[in-house]
Every structure is written in structure tokens, then in C-alpha cells.
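Comments concern the structure below.
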Amino acid sequence: MFKKKFLFILFCLSVQLYAQERYFVVKDSITKEKLPYTNVNFLNGYGIFSDENGKVILDKEVPNQIKITHIGYFDKIVSLDELHGNTDVFLTASTEILGELKMTVSGNDARKRKEYVVKPTMHDNSNEMYWSSLGQQFAFYIPNDRKNSVLKSVVIPVIVKDLYQGMANQSFEDHPYGTMMKIEFMSNVGNQPGKKVYDYDKVFVIQSAKVEGKVEVKFDETIAVPENGFFVVMTVIGKTDEKGDYVPELPFGIREVNGEKKKFIKIILPNYPLVADSKNQLTLFRHVFGASGNWSRIERPMVYKKDKKYPMYNIGIGYTISSPK
């Protein structure tokens with residue numbers, strides 16, 4: 001009898017919690033297709049991404065007015081108090097036409113092509129590394145040194161040491177997780193990323209507990225390198241569960257300092273080894289939810305001394321291209 005009552009109470013609590021969950025789903029206004037990993041900007045320097053089904057769960061810390069953006073669609077400002085219950089939010093496709101992956105390489109042509117490999121620059125010096133946070137973007141410049149070249153893969157050097165510096169309640173070693181990333185390709189406009197050049201992106205997960213020094217990302221489309229090169233742009237989406245599924249969470253924690261609640265940014269793995277500035281290894285970064293949207297250089301490592309002068313840094317990615325012999 002007691003067991004039945006306990007199960008009934010548990011069921012009622014579960015139903016109540018489910019009913020209290022607030023969310024919306026981002027969809028295409030015409031096709032009604034769900035839009036995965038859509039940017040949901042809180043307009044205060046923070047934000048989250050929708051999950052793979054376009055779903056956005058509304059935490060109590062989410063402000064009333066948000067901005068929803070997705071490549072290939074017009075931005076949309078939404079007031080949450082105007083949403084009635086759990087509903088759909090529709091984005092309208094923009095008229096901007098992204099480049100198509102037109103170059104085809106037949107078996108005959110493939111035999112006439114040669115692969116050229118640029119090796120990544122790797123080390124495990126924690127005094128010269130940079131960090132990841134939810135919504136952070138890195139732009140890696142890929143030059144066009146050979147005509148009709150195709151990008152086959154990139155290699156991201158990583159450091160998986162857990163230097164969370166008190167910015168997380170638990171260390172990575174206690175609760176290992178994966179980190180979901182998304183790679184896109186953007187034009188080179190004056191050594192700055194411009195617009196997205198191909199209607200293609202690659203979503204992958206870095207399992208920091210299982211990698212040693214680097215992660216190779218292969219592309220299953222023919223990625224032609226433009227005449228003046230382009231940028232491989234990598235966005236840190238967030239943590240994943242044991243199955244590799246994205247687990248949306250707020251990009252900040254809240255801690256009480258001197259009786260006042262303050263937000264602090266969540267730093268997650270992996271970290272990245274830094275190398276001193278070099279002409280062909282340009283790396284830029286920004287936060288996708290930042291107010292300005294400007295790209296910056298890496299001016300100092302994650303752990304730094306205030307009175308020390310540092311060089312400009314890059315992350316020395318590797319990559320493989322193929323081009324005619």
C-alpha cells in the first residue's frame with residue numbers, strides 16, 4: 001500500500017514539473033522544419049543554443065526580450081511574455097544566397113590530385129593555452145596556396161588539463177563530458193571573417209577524456225578554397241551527455257559575493273595550445289552572444305601575469321588540402 005502511494009505521489013510530482021517547463025521550438029516559417037543549434041541571444045552578453053530539434057527551454061534567468069538568429073534567416077526579436085504557453089517561433093528565410101559546393105572531383109581527377117598536409121602545432125604547456133566557453137567562436141585562416149585546392153580536413157590541437165580556477169563547482173575528472181562544436185566556412189574580407197560562403201556545416205563532439213593532443217575533423221563535402229583563402233569558424237555549442245547529445249545550459253553560473261549575486265562565465269574543455277604570431281596561422285575569436293560581434297586577436301594566455309608583456313597568439317591548427325599535381 002505504501003509503495004503504491006509513493007509511486008502515485010512521484011507520478012504527480014513528475015507531471016507537475018513537466019507542466020511547469022516552459023519552452024519554444026524554432027522552425028522555418030515556410031517548411032515548418034525545426035532549426036537545430038539556433039542562436040538565442042539574451043542581449044546582455046549571454047545566450048544559449050536550441051537543441052538538435054530546435055527546442056529552447058526557458059530558465060527563470062532568461063530575460064523577457066531575446067534575439068533569435070540562424071544563418072540564412074532574418075533575425076527575430078521575441079518578447080517571452082507575448083508567447084502563449086509552449087509554442088513555435090518561426091524564422092523567415094533571407095534572400096541571401098550562400099555559395100554552393102560546385103566543384104566535383106571524379107575518380108579520374110582524384111588520381112591526378114595530390115594531398116598536402118600542414119601539421120598542427122602542439123604542446124601541453126598550461127602557461128600558454130586558451131580556453132573554451134559556451135558560445136565562443138574561433139576563426140582559423142586557411143590560405144589558398146595552390147590553384148583549385150580542396151580542403152579535406154582540419155586538425156584542432158587541444159589541451160585537456162582541467163584548470164577551471166574555481167569557475168566551476170566540480171572538476172572535469174569527477175564528471176567527464178563531451179563538448180559539441182560546429183564548423184562553418186566564412187569568406188576572407190581584409191583578414192577578417194565575412195559572410196558564410198557555403199550552405200554546409202559540420203557538427204562534431206570532442207570527447208576530452210578520450211583524445212590525446214589533437215582532434216581531426218574530416219569533411220564529407222568538397223570544400224573548395226576560394227582564391228583569397230577563407231576562414232574555418234568553430235563555435236563552441238556546449239556540453240553533451242554520455243550519448244553525445246547536446247545538453248543546453250545557461251552559459252553562466254551565479255555565485256554570492258559579499259552578499260551580492262554575481263554571474264560568472266562557465267569555462268569548459270577543451271583548452272587550446274597557443275603559439276606566437278605567425279603569418280600563415282592567423283586565429284581570431286569572439287563571443288557569438290557579444291554586443292559588438294567584432295573579431296579580436298588573442299593577446300594573452302588563459303593564465304597570465306599582469307606585468308608581463310605577451311606576443312600576439314594563434315592556435316596552430318593543421319589541415320589537409322588536395323590540388324592538381
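Pairs passing the salt bridge (charged side-chain N to carboxylate O under 4.0 Å, His left out) check and including a residue from residues 74-83, sequence neighbours excluded, read K67-D75. For residues 233-254, every residue pair satisfying the salt bridge (charged side-chain N to carboxylate O under 4.0 Å, His left out) rule, not counting sequence neighbours, is listed here: E249-K266. The salt bridge (charged side-chain N to carboxylate O under 4.0 Å, His left out) analysis of residues 299-308, with sequence neighbours excluded, yields no pairs.
Scored by the salt bridge (Lys or Arg N to Asp or Glu O under 4.0 Å) test, K202 finds no partners at all (sequence neighbours excluded). Checked against salt bridge (Lys or Arg N to Asp or Glu O under 4.0 Å), D124 has no partners two or more places apart in sequence or in another chain. Residues satisfying the salt bridge (Lys or Arg N to Asp or Glu O under 4.0 Å) test with E128, not counting sequence neighbours, are none. Scored by the side-chain hydrogen bond (donor to acceptor under 3.5 Å, both in side chains) test, S50 finds no partners at all (sequence neighbours excluded). Scored by the side-chain contact (heavy atoms from CB on, under 4.5 Å) test, K218 finds S153, E216 as partners (sequence neighbours excluded). By the ring-ring contact (aromatic ring centres under 6.0 Å, His included) test, Y130 pairs with F285, sequence neighbours left out.
With V158 as reference, V211 is the one residue of V211, T179, I315 to meet the side-chain contact (heavy atoms from CB on, under 4.5 Å) rule.
Under a 4.5 Å side-chain heavy-atom cut-off, the cluster of Ile, Leu, Val, Met, Phe, Trp and Tyr residues that includes Y246 is completed by Y37, F49, M180, V203, V205, I237, V288, F289. Counting side-chain heavy-atom gaps under 4.5 Å among Ile, Leu, Val, Met, Phe, Trp and Tyr, the cluster of V62 also holds F24, V26, L35, V40, F42, Y46, I48, V56, L58, I66, I68, Y73, V78, L80, L83, V89, L91, L250, F252, I254. Listed by chain and number, the hydrophobic cluster partners of V247 come to none, as no ILVMFWY side chain reaches under 4.5 Å of it.
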